[in-house]
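Here the structure is a predicted model, which means the values were calculated and not measured. Start at 1 and go down the list; that is how both ligands and their atoms are numbered.
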Amino acid sequence: MSSLSLSSLSLADVYRARQRLAGRVALTPLVASATLSACVGAPVHFKLETVQPTGSFKLRGATNAVAHLAESGVKRVVTASTGNHGRALAYAAHALGMESAVCMSSLVPQNKVDAVAALGARVVIAGKSQDEAQIEAQRLMREEGYAFVPPFDDLRVIAGQATIGLEILEALPDTATLVVPLSGGGLFSGAAFAAKQIRPDVRAIGVSMARGAAMHASLAAGHPVDVEESKTLADSLGGGIGLDNRHTFALTRALADEIILLGEPSIARGVAHAYREERLVVEGAGAVGMAALLDGKIERRKGPIVIVVSGANIDMTVHHRLVTEG
Ligand SMILES: *Cc1c(COP(=O)(O)O)cnc(C)c1O
């Protein structure tokens with residue numbers, strides 16, 4: 001760990017993030033899974049970010065970033081994410097008495113637009129692609145004094161996500177293996193960083209979908225690369241890491257002991273298992289840890305395995321199909 005260029009992030013930052021999050025973000029439960037523990041012959045626990053008020057862990061990073069900005073006098077924040085980060089930013093801004101704007105393309109479904117608007121954000125519809133929505137967000141920054149809050153590649157966001165690692169190690173100090181969904185790497189870097197600062201021999205495993213795993217491809221190439229995006233059940237894991245990635249690429253490279261890629265049938269099985277056996281509604285991205293375990297891809301070691309169950313925001317029609325199919 002000492003060889004890393006991680007001097008930019010410290011455990012003290014994570015403790016400060018926790019103070020900013022107190023009372024605004026849920027201290028989520030860490031619960032044992034009887035079925036999976038029996039299945040692998042070692043204790044398996046879930047860290048249930050599904051119970052956050054916006055249905056995903058993204059509230060941690062967004063709240064920490066927004067609280068930081070509020071302290072430095074910023075009044076308005078903007079992002080271009082339509083998914084869990086957009087919701088989280090809208091919620092965090094509202095809670096902290098700030099204005100927020102979420103830029104979306106005209107192709108974003110009305111239910112997603114409504115969900116963000118219901119959280120108090122100004123919804124700005126611009127263009128026909130995510131790129132055009134991003135350009136609109138930049139215009140709001142330049143012309144209307146909004147501060148941009150990125151979904152993962154930001155030290156305040158990473159420190160917020162890292163509070164998950166703190167909570168896990170405090171609840172279960174002998175955690176041996178940490179299994180974390182991986183896309184842009186904010187969640188993985190934060191959780192693995194905090195866990196390894198407290199217990200350096202924790203094994204940190206990232207899990208992505210095989211289709212369009214940008215971080216995995218970037219690590220293989222030795223630098224951030226673009227990958228072709230395709231439709232996946234783990235939709236919250238889609239998207240690139242940014243060719244100008246500043247933090248999460250280096251952090252993930254330094255902290256990942258292993259990265260596992262899953263096919264779509266495995267992700268479907270994870271969502272169905274969560275519902276049928278664990279009585280949990282989990283979105284595709286949130287179910288990849290369980291899916292990797294069910295696939296026998298997590299090496300068994302001495303000590304508990306903790307799976308971060310990152311979110312619940314699945315389209316209920318898709319959910320119904322996944323849990324009723326064989
Ligand atoms: C954003 C997200 C992830 C991935 O987080 P990154 O920080 O981009 O790696 C995983 N699960 C859910 C539910 C998410 O919303």
[X] to ligand 1: N or O pair under 3.5 Å?
X      : answer
Leu187 : yes
Asn84  : yes
Glu283 : no
Gly186 : yes

Backbone, side chain, both or neither: what part of [X] comes under 4.0 angstrom of ligand 1, heavy atoms only?
X      : answer
Leu237 : side chain
Phe57  : side chain
Lys58  : side chain

- Task: Using a 4.5 Å cut-off on heavy atoms from C-beta on, say whether the side chain of Tyr275 contacts that of Leu322.
- Result: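 Leu322 does not reach Tyr275 side chain to side chain.
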
- Message: Could you tell me if the side chain of Lys58 sits less than 4.5 Å from the side chain of Gln52, heavy atoms only?
- Response: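 The answer is no; the side chains never approach within 4.5 Å.
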
- Passes salt bridge (charged side-chain N to carboxylate O under 4.0 Å, His left out), Lys128 versus Glu132? Steps please. CA-CA 7 Å; Lys128 285 204 166 60; Glu132 288 178 70; over 6 Å; no

- Message: Under a 3.5 Å threshold, yes or no: a donor from one side chain and an acceptor from the other, between Glu49 and Thr28?
- Response: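 There is such a pair between these side chains.
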
- What protein heavy atom sits nearest atom 8 (O) of ligand 1, and how far off is it?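 Residue, atom and distance for the closest contact: Gly184 N, 3.0 Å.
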
- Message: Checking a contact table here: which protein heavy atom is nearest atom 11 (N) of ligand 1, and how many Å away?
- Response: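 Protein heavy atom at minimum distance: Ser310 OG, 2.6 Å.
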
- Task: Examine Val308 and Val157 and state if one hydrophobic cluster contains both, with Ile, Leu, Val, Met, Phe, Trp and Tyr joined whenever side-chain heavy atoms are less than 4.5 Å apart.
- Result: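 No, Val308 does not connect to Val157 through the hydrophobic network.
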
- Item | Numbered atoms and elements of ligand 1 in range of Gly311, under 4.0 angstrom, heavy atoms |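 Within the 4.0 Å cut-off of Gly311, ligand 1 contributes 13 (C).
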
- Query: Which ligand 1 atoms are under 4.0 Å away from a heavy-atom of Gly185?
  - Reply: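 Every atom of ligand 1 under 4.0 Å from some heavy atom of Gly185: 6 (P), 7 (O), 8 (O), 9 (O).
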
[X] and [Y] ion-paired at < 4.0 Å:
X      : Y      : value
Asp201 : Arg199 : yes
Arg211 : Glu228 : no
Asp315 : Arg321 : no

